[in-house]
Amino acid sequence: MKVFNTQTRRKEEFVPVEPGKVKLYACGPTVYNYFHIGNARPFVIFDTLRRYLEHRGMEVAFVQNFTDIDDKMIRRANEEGITVKELADRFIAAYYEDAAALGIRPATVHPKATEHMPEIIDIIEKLMAKGLAYAVRGDVYFDTQAYKNHYGKLSGQNMEDLESGARVDVDEVKQHPMDFALWKTQKPGEPAWESPWGMGRPGWHIECSAMSMKYLGETVDIHGGGQDLIFPHHENEIAQSEGATGKPFVRYWMHNGFLNIDNEKMSKSLDNFLTVRDIRQQYDPEAVRFFLLSAHYRSPLNFSAEQIEQAKAALDRLYTARDNYLFILEKAEDKTSSDADTVLMDTAKAAVVRFDEAMDDDLNTADAMGVLFDLVKQANIGLGTDSAKAAVQAVLDAFAAMGDVLGLVKPKQQEDDAQVEALVAARATARKERNWAESDRLRDEIKSLGYTVEDTAQGQKVRKG
RNA sequence: GGCGCCAUAGCCAAGCGGUAAGGCGAAGGUCUGCAAAAUCUUUAUCACCAGUUCGAUUCUGGUUGGCGCCUCCA
């Protein structure tokens, strides 16, 4: 598999440190609110990456953190009149619900910053011991000047350029404008933890380093996040991690492009923030996932109602196709494959190969989805009453393999409803008698129970919805 | 000022040296008691200019138009 590495700015062959095992870390949400559609993009992307790696037989240790202590958390908790912990608990629970709706599987571990104070403090102490950090009145800062050799290597900036672009109102406590906080001293009313520098809380960047190292070791294979995290967040993670361990922190950096809303950047000032929680009220979340995977992960993507509706229509085609194949499978005979069957089985196998090739090319989900639709097209043409069971099954297997990686098209569940079955049976009789009025009446009645019945060459096909 | 990205049909989006995947939408056929589904046909010289090349959407330079980071942010 090839992966675009932000650090080198080119596609590189992905080789995990340990063959067959992948250590993957993705920056998770700060749980001060429901996560928004822009947050959802990396979650879906790295979930898909993880699924794909597993599909290729890799064992993936996937860590995605929760930032449950920072300025925004404290401010929001104060506004709500609850503790930071209560706020975090509420939105962590909400995260799992919304993520599940988007087909995002839970990571191997979802560590919380507040539960890793010893690990965080440990790294800071190492940095202090190496002269790469300094304490000032209870704050601790990373000393970019002392470290300077590599600072800026991920974002492609050098210290001088960063300085010239830096804000003028330099915090006087810091020795250098680029220095960043590892530990912040407690302010009145804020949650705080004990440390060698007094009561306080960790800076934002250090928590990811601490949790990544704790669960995945000093070097991870892939670290992902949004492009806006490249600087300063990931740059700082590298500095503090490599400063502390002397080892490479991350082998491949993957960053997803932005998601805009109606061609504008999502921002609070524009008041165009869309949370997944809200979107779920209006749209099928699976269509949202489809939409998020419909473009390459590094491209910018524009969210609009029209896009979601298009995605929904496309998704429906997939569901209809899958349900048709399942219906045909039930009726299909377990017979020797015809030439046409053999061709179709080969097509199905080839599709998975092409799908993998697309995904191997820096996770080209758009291309991969095209392969899925190609298979659907071929199967819709080739599969019919006279297809051998093996051919139908081959198509379904290929379909499922691709769908599983994309996290799209959920497995069909049995929908036994005695009342509906009786109506369908009655309708079959009416149809045999060519009593179309009764047939249509029964179809309406079935519809009113929430099912749709379609007439095919093989008889009636019923589906929910 | 520094670093970087993008421009492909009505909409979305792959491709990235040998004359354009796929989806949505639209129009017209086929099948069907009707409906649904499916299927067939039609719907693009790839922003502009100049180079390199036998050949460029694909490489180089430029122009125009969007956008991001450099400050909390996925």
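Lettering of chains follows the sequences in order, A, B, ..., and the numbering in each one begins at 1.
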A.B. asks: Salt bridge check: are Asp70(A) and Arg76(A) linked by an N-O gap of less than 4.0 Å?
C.D. replies: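 No salt bridge links Asp70(A) with Arg76(A).
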
A.B. asks: For Arg427(A) and for Ile37(A), find the nucleotide of RNA chain B with the closest heavy atom, then tell me which residue's nucleotide is more 5'.
C.D. replies: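 On the 5' side of the pair lies Arg427(A).
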
A.B. asks: Determine the Euclidean distance between corresponding C1' atoms of rA21(B) and rG29(B); express it in Å to zero decimal places.
C.D. replies: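 Taking atom C1' in both rG29(B) and rA21(B), they lie 25 Å apart.
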
A.B. asks: Which listed nucleotide (rA14(B), rC70(B), rC12(B)) is nearest to the side chain of Phe231(A)?
C.D. replies: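 Of all the options, the side chain of Phe231(A) is nearest to rC70(B).
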
A.B. asks: Any donor-acceptor pair under 3.5 Å joining the side chain of Gln310(A) to the base of rG23(B)?
C.D. replies: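 Indeed, a donor on one side and an acceptor on the other fall under 3.5 Å apart.
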
A.B. asks: Output the single nucleotide from rG22(B), rA38(B), rC12(B) whose closest atom is nearest the side chain of Asp374(A).
C.D. replies: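 Nucleotide nearest to Asp374(A)'s side chain: rG22(B).
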
A.B. asks: What's the gap between rC59(B) and rG15(B) when it is taken at their P atoms, as a whole Å value?
C.D. replies: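 After rounding to an integer number of Å, I get 12 Å for this pair.
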
A.B. asks: To the nearest Å, how far apart are Asn324(A) CG and rC31(B) P?
C.D. replies: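 To the nearest whole Å, that distance equals 20 Å.
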
A.B. asks: Any idea which of rA74(B), rA37(B), rC24(B) is nearest the Ala314(A) side chain?
C.D. replies: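 Output: rC24(B).
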
A.B. asks: For the side chain of Asp455(A) and the base of rC34(B), is some donor closer than 3.5 Å to an acceptor across the two?
C.D. replies: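 A donor-acceptor contact between them is present.
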
A.B. asks: Provide the distance between the two P atoms, one in rG25(B) and one in rG18(B), to the nearest whole Å.
C.D. replies: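 Between the two P atoms, the distance is 32 Å.
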
A.B. asks: Quick check on salt bridge (charged side-chain N to carboxylate O under 4.0 Å, His left out): which of Lys11(A), Lys2(A), Arg56(A) does Asp360(A) satisfy it with?
C.D. replies: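 Checked Lys11(A), Lys2(A), Arg56(A) against Asp360(A); only one passes salt bridge (charged side-chain N to carboxylate O under 4.0 Å, His left out): Arg56(A).
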
A.B. asks: Centre of Tyr297(A)'s six-membered ring, under 6.0 Å away, within 45 degrees of the axis: is that where NZ or CZ of Arg41(A) sits?
C.D. replies: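 Judged by the rule (NZ or CZ under 6.0 Å from the ring centre, within 45° of its axis), Arg41(A) is not positioned above Tyr297(A).
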
A.B. asks: With a 3.5 Å cut-off and just heavy-atom distances, do the side chain of Arg443(A) and the base of rC34(B) make a donor-acceptor pair?
C.D. replies: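 For Arg443(A), whose side chain was compared with the base of rC34(B), there is a donor-acceptor pair (under 3.5 Å).
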
A.B. asks: Show each protein N/O and nucleotides 4-9 of chain B N/O combination with a separation under 3.5 Å, one pair to a line.
C.D. replies:
unit_1: rG4(B); atom_1: OP1; unit_2: Arg9(A); atom_2: NH1; d: 3.3

A.B. asks: Checking only heavy atoms, does the side chain of Asp440(A) share a donor-acceptor pair with the base of rG33(B) at less than 3.5 Å?
C.D. replies: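 Yes, a donor-acceptor pair under 3.5 Å.
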
A.B. asks: Taking the P atom in each of rA20(B) and rC46(B), what is the distance between them to the nearest angstrom?
C.D. replies: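 Taking atom P in both rA20(B) and rC46(B), they lie 11 Å apart.
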
A.B. asks: Flag as yes if Phe373(A) stacks onto the base of rG22(B) (centroids under 5.5 Å, planes under 30°), otherwise no.
C.D. replies: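 Check failed, Phe373(A) does not stack on base of rG22(B).
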
A.B. asks: Hey, are Glu207(A) and Lys112(A) close enough for a salt bridge, meaning a charged N less than 4.0 Å from a carboxylate O?
C.D. replies: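 Between Lys112(A) and Glu207(A) there is no salt bridge, as every charged N stays at least 4.0 Å from the carboxylate O atoms.
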
A.B. asks: Side chain of Ala366(A): nearest nucleotide among rA37(B), rG25(B), rA14(B)?
C.D. replies: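 Output: rA14(B).
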
A.B. asks: Looking only at the side chain of Gln307(A) (C-beta and beyond, no hydrogens), which of the listed nucleotides rA14(B), rC11(B), rA74(B) gets closest?
C.D. replies: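 Closest nucleotide among those given: rC11(B).
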
A.B. asks: Hey, are Glu97(A) and Arg277(A) close enough for a salt bridge, meaning a charged N less than 4.0 Å from a carboxylate O?
C.D. replies: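 A salt bridge links Glu97(A) with Arg277(A).
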
A.B. asks: Would one find a side-chain N or O of Ser299(A) under 4.0 angstrom from OP1 or OP2 of rC67(B)?
C.D. replies: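 Indeed not, no polar side-chain atom of Ser299(A) lies that close.
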
A.B. asks: If you check the Ile381(A) side chain, which of rA37(B), rG68(B), rU39(B) turns out closest?
C.D. replies: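 Within the option list, the nearest is rU39(B).
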
A.B. asks: Measure distances between side-chain N and O atoms of Glu306(A) and base N and O atoms of rC11(B), and say whether any donor-acceptor pair falls under 3.5 Å.
C.D. replies: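 Looking at the base of rC11(B), it does not pair with any donor or acceptor on the side chain of Glu306(A) (distance under 3.5 Å).
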
A.B. asks: Look at the side chain of Leu259(A) and decide which nucleotide, out of rA14(B), rA74(B), rG33(B), has an atom nearest to it.
C.D. replies: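 The answer is rA74(B).
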
A.B. asks: Going by an N to O cut-off under 4.0 Å, is there a salt bridge joining Asp323(A) and Lys412(A)?
C.D. replies: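 Here Asp323(A) pairs with Lys412(A) in a salt bridge, since their nearest N and O are under 4.0 Å apart.
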
A.B. asks: Would Lys187(A) and Asp71(A) pass as an ion pair if we require N to O under 4.0 Å?
C.D. replies: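 Salt bridge flag = no for Asp71(A) with Lys187(A).
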
A.B. asks: When you check the gap from the basic side-chain N to the acidic O, do Asp440(A) and Arg443(A) get nearer than 4.0 Å?
C.D. replies: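 Salt bridge between Asp440(A) and Arg443(A), a charged N being under 4.0 Å from a carboxylate O: yes.
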
